[in-house]
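Order of listing sets the numbers, starting from 1, for every ligand and every atom in it. Quick note: residue numbers are just sequence positions, from 1.
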Amino acid sequence: MNKSLQDSVSMIKGVGEDAESNLAVMGIFTVGDLLEHFPYRYDDYRLRDLQEVKHEERITVEGKVHSEPSLVFYNRKRSRLTVHLLVGRYLIKVIFFNQPYLKKKINVQDTITVTGKWDQHRQTITAGEMKIGPYQMTTEFEPVYSIRGKLSVKQLRKFIKQAYQDYSNEIKENIPAFLREKYKLLDRKEAIFSLHFPKSQADVKQARRRIVYEEFLFFQLKMQALRKFERENSGGVSHQYDLTKLKEFISSLPFPLTNAQKRVVNEICADLKSPIRMNRLLQGDVGSGKTAVAAIALYASVTAGYQGALMVPTEILAEQHADSLFQLLEPMGVRLALLTSSVKGKKRNELLERLKDGEIDILIGTHALIQQDVFFHKLGLVITDEQHRFGVEQRRILREKGETPDVLFMTATPIPRTLAITAFGEMDVSTIDEMPAGRKTIETYWVKHEVLERVLGFVEKELSQGRQAYIICPLIEESDKLDVQNAIDVYDMLSNYYSNKYRVGLMHGRLPAQEKDEVMNLFSKNEVQILVSTTVVEVGVNVPNATIMVIYDAERFGLSQLHQLRGRVGRGSAQSFCVLLADPKTEVGKERMKIMTETNDGFVLSEKDLELRGPGDFFGKKQSGLPEFKVADMVHDYRTLETARKDAMELIHLDDFWTNPEYLSLKAFLEHAGIMDGEKLD
Ligand code: ADP
Ligand code: MG
């Protein structure tokens with residue numbers, strides 16, 4: 001019988017029924033799955049120089065016991081034994097938890113070998129293993145595998161070894177030879193061997209390099225193929241806009257465009273003009289001037305004889321956007337309309353009629369406006385604001401309605417470039433990376449909750465000068481009762497504290513839409529001076545007279561989210577402030593608060609957020625939608641990611657891509673993903 005990596009794991013000697021179901025629990029069904037279950041780290045038992053070891057790394061050292069070990073009991077079961085150890089020139093501490101019996105074994109002047117976790121700040125090893133006597137190498141490296149369920153690591157190692165013995169000849173190369181040569185990559189079989197059975201750190205490094213590239217190349221190949229077919233097969237609108245009018249409009253703006261705005265306007269206009277359908281992401285920090293760019297794009301579409309739509313996630317935002325767009329575009333003779341849930345009955349019907357007859361040029365509203373009973377006369381451009389993950393479904397709806405307008409997604413959450421090209425690999429990305437001149441930075445402070453009293457005094461000082469304040473309480477889940485209660489408590493407290501002097505308003509996601517609007521209205525008219533709110537104010541809200549924001553439990557937010565929130569102040573000409581109330585428990589938590597006080601640059605913060613929290617957490621768990629890689633890490637391997645992206649793009653555009661046998665494995669992979677030559681099956 002022919003062997004194949006698709007064979008069931010039960011074909012491997014030693015894998016019985018029990019083992020088979022234990023492996024299944026871990027998602028390992030085939031021999032291929034097993035061979036690609038790679039170690040997630042390698043325990044390194046070599047002696048290492050303390051100076052080379054990073055914080056929290058595992059380390060093995062040999063040293064001389066410097067003084068009598070000291071033993072402390074917390075209760076009958078828990079204890080801590082501290083040993084001072086002279087390692088080369090360094091005197092460090094070694095701690096053993098709950099092993100009191102070691103005190104008798106370890107004597108002053110003994111040479112001992114310990115393995116454990118290195119705490120660089122405390123110059124301490126928390127020891128896992130200890131041997132009396134000098135270091136003796138047994139194994140240099142031990143692969144460590146993640147396991148779940150009943151399977152033991154020992155069994156898993158045995159199975160992998162057996163699988164490699166029986167099946168290694170079935171491991172086929174899948175990267176074209178010219179690329180393997182170009183980057184001097186191991187072949188697939190060798191790489192898999194080295195990941196499971198390395199002899200040295202260098203082995204692992206070479207093997208990893210190969211697999212990381214492979215994972216990225218295949219992922220990017222799929223993205224680039226989708227992009228190519230999408231462009232070739234979904235005919236877009238070729239906007240023949242009126243350049244003279246457009247220039248007139250731009251010079252009518254109350255400010256000159258920044259260079260970054262000019263650049264992205266050009267990128268967008270090129271897309272508008274081209275018959276290929278625009279599928280572009282526009283990212284720019286809070287306040288970088290995306291609205292003006294959107295207005296220019298919409299106006300271009302209108303001068304070409306089409307209608308435009310602007311979709312935003314909330315009604316409040318829809319109203320604000322409508323306000324700014326009316327101001328900018330009505331003088332140009334553009335007919336705008338706002339469609340929200342408060343437009344009802346006869347008025348709504350009239351509006352829809354006019355839209356259908358082409359008597360409205362630009363429609364602004366929540367995303368409901370491209371659904372249900374809303375029909376456009378000639379829709380050319382759809383812009384969506386502040387929602388980075390609603391592309392695919394929305395595009396399907398549009399297609400079903402027989403419309404294929406150009407689509408521009410705007411987001412104020414600066415996305416690190418690595419994530420942008422990964423999560424949005426099939427899109428084009430425009431970035432406004434420059435702020436309009438003369439912006440004041442928001443002064444940010446980080447304090448502990450215990451000084452709340454002083455913070456409230458600071459807030460009062462601003463209020464007494466006629467300013468307004470936001471007080472933000474964390475809301476992690478929109479439905480979380482506890483968090484809402486939190487906001488209500490703070491609201492009660494502040495209503496008391498400022499009693500008759502200032503009016504306090506309360507805003508949270510559980511309020512009916514009408515009450516939300518009412519509170520927001522009062523706040524924007526300065527009839528309410530202090531707005532206690534959950535994160536619902538995060539997106540877009542614009543009240544320039546608000547100059548101070550206090551954020552409770554700031555350590556519970558991501559950096560990008562804190563930055564978004566902070567962007568609600570600093571919208572006028574006055575100096576603005578942000579106070580983070582936080583008692584972070586971890587080093588990373590402290591680092592995060594600190595960086596907030598140091599920079600106002602959303603891109604710097606998002607890179608940092610990604611670095612500190614990892615890609616999974618970046619978009620929030622639920623909506624992550626990010627691909628999972630077995631070995632590759634989008635943050636640390638981003639250079640490889642970019643290389644693979646470039647290579648994938650070149651490959652997919654080769655004339656002989658689908659016919660040259662050299663690319664057979666790539667072609668098979670795409671076909672398996674449902675992507676065929678010249679068409680996309682979705
Ligand atoms: P965002 O990118 O957050 O949507 P906005 O478009 O709301 O930013 O712009 C923020 C503020 O900056 C607005 O008051 C807008 O009028 C102003 N603005 C936009 N572009 C410029 C510019 N080039 N020069 C000066 N001010 C600008
Ligand atoms: Mg905006």
Side-chain angles (χ1 to χ4, degrees), residues 246-247 249-269 280-300 308 310-314 316-332 336 362 364 383-388 408-415 420 429-442 470 520 524 535 537-547 549 560-576 578 600-606:
L246 207 56
K247 283 187 169 160
F249 173 53
I250 291 173
S251 51
S252 82
L253 293 173
F255 41 74
L257 294 182
T258 61
N259 286 327
Q261 281 171 317
K262 281 185 205 156
R263 176 166 38 78
V264 304
V265 163
N266 280 330
E267 287 165 0
I268 292 165
C269 282
R280 185 172 286 277
L281 179 76
L282 171 62
Q283 56 169 341
D285 210 342
V286 205
S288 61
K290 292 183 294 298
T291 312
V293 173
I296 295 167
L298 287 167
Y299 185 57
L310 176 65
M311 293 193 281
V312 296
T314 67
I316 298 174
L317 265 181
E319 280 166 25
Q320 287 194 353
H321 271 295
D323 274 356
S324 358
L325 290 183
F326 270 88
Q327 268 180 39
L328 294 171
L329 288 167
E330 237 176 5
M332 305 305 292
L336 301 102
I362 293 174
I364 300 143
I383 302 184
T384 72
D385 193 15
E386 311 283 1
Q387 291 210 349
H388 37 249
L408 180 69
F409 299 84
M410 298 203 294
T411 172
T413 311
I415 301 162
V429 179
S430 288
T431 303
I432 307 182
D433 51 6
E434 178 189 0
M435 284 290 189
R439 270 299 146 70
K440 283 208 172 70
T441 60
I442 301 161
Y470 290 101
M520 263 339 283
S524 57
T535 51
V537 293
E538 183 181 345
V539 274
V541 172
N542 189 23
V543 180
N545 190 46
T547 54
M549 173 175 281
S560 294
Q561 201 184 5
L562 285 174
H563 181 64
Q564 282 293 303
L565 285 166
R566 178 170 65 179
R568 295 314 108 214
V569 294
R571 309 209 125 220
S573 51
Q575 177 61 53
S576 289
C578 176
N600 268 270
D601 184 329
F603 282 95
V604 171
L605 285 170
S606 75

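- Atoms of ligand 1 found under 4.0 Å from any heavy atom of Gln261 (numbered from 1 in listed order, with element): 19 (C), 20 (N), 22 (C), 23 (N).
- With ligand atoms numbered from 1 in the order given, ligand 1 contributes 23 (N) to contacts under 4.0 Å with heavy atoms of Leu257.
- Across Phe249 and Leu328, no two heavy atoms sit closer than the pair CE1-O, 3.4 Å.
- Donor-acceptor pairing under 3.5 Å is recorded for the side chains of Asp285 and His563.
- The Thr291 neighbourhood of ligand 1 comprises atoms 4 (O), 5 (P), 6 (O), 7 (O), with distances under 4.0 Å to a heavy atom of that residue.
- Close approach to Val286 involves these atoms of ligand 1, each under 4.0 Å from a residue heavy atom: 3 (O).
- Neither the backbone nor the side chain of Ile432 comes within 4.0 Å of ligand 1, counting heavy atoms alone.
- For Gly287 against Arg571, the heavy-atom pair with the smallest separation is N-NH2, 4.3 Å.
- Side-chain contact of Thr258 with Gln261: a donor-acceptor pair under 3.5 Å is present, judged by distance alone.
- Considering backbone and side-chain N/O atoms, Phe255 never comes within less than 3.5 Å of an N/O atom of ligand 1.
- Residue contacts with ligand 1: Pro256 is placed with a nitrogen or oxygen under 3.5 Å of a nitrogen or oxygen of the ligand (distance criterion only).
- Under a 4.0 Å criterion applied to the non-hydrogen atoms of Ser288, ligand 1 contributes the atoms 2 (O), 8 (O).
- In terms of heavy-atom proximity, Thr431 sits nearest to Val264 at O-CG1, 3.6 Å.
- Between Lys262 atom NZ and Leu257 atom CG the span is 7.0 Å, to the nearest 0.5 Å.
- When side chains are defined from C-beta on, His321 counts as touching Leu317, because their heavy atoms get closer than 4.5 Å.
- In this comparison of Gly284, Gly289, Ala437, the heavy atom closest to atom 8 (O) of ligand 1 sits on Gly289.
- Distances from ligand 1 to the non-hydrogen atoms of Asp285 include at least one value under 4.0 Å.
- Residue-ligand proximity, Thr258 to ligand 1, at heavy-atom distances under 4.0 Å covers atoms 23 (N).
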Practice problem: Apply the test side-chain hydrogen bond (donor to acceptor under 3.5 Å, both in side chains) to residues Gln283 and Thr411: give CA-CA distance (whole Å), side-chain angles for both, the deciding distance (0.1 Å), then the verdict. | Solution: CA-CA 5 Å; Gln283 56 169 341; Thr411 172; over 6 Å; no
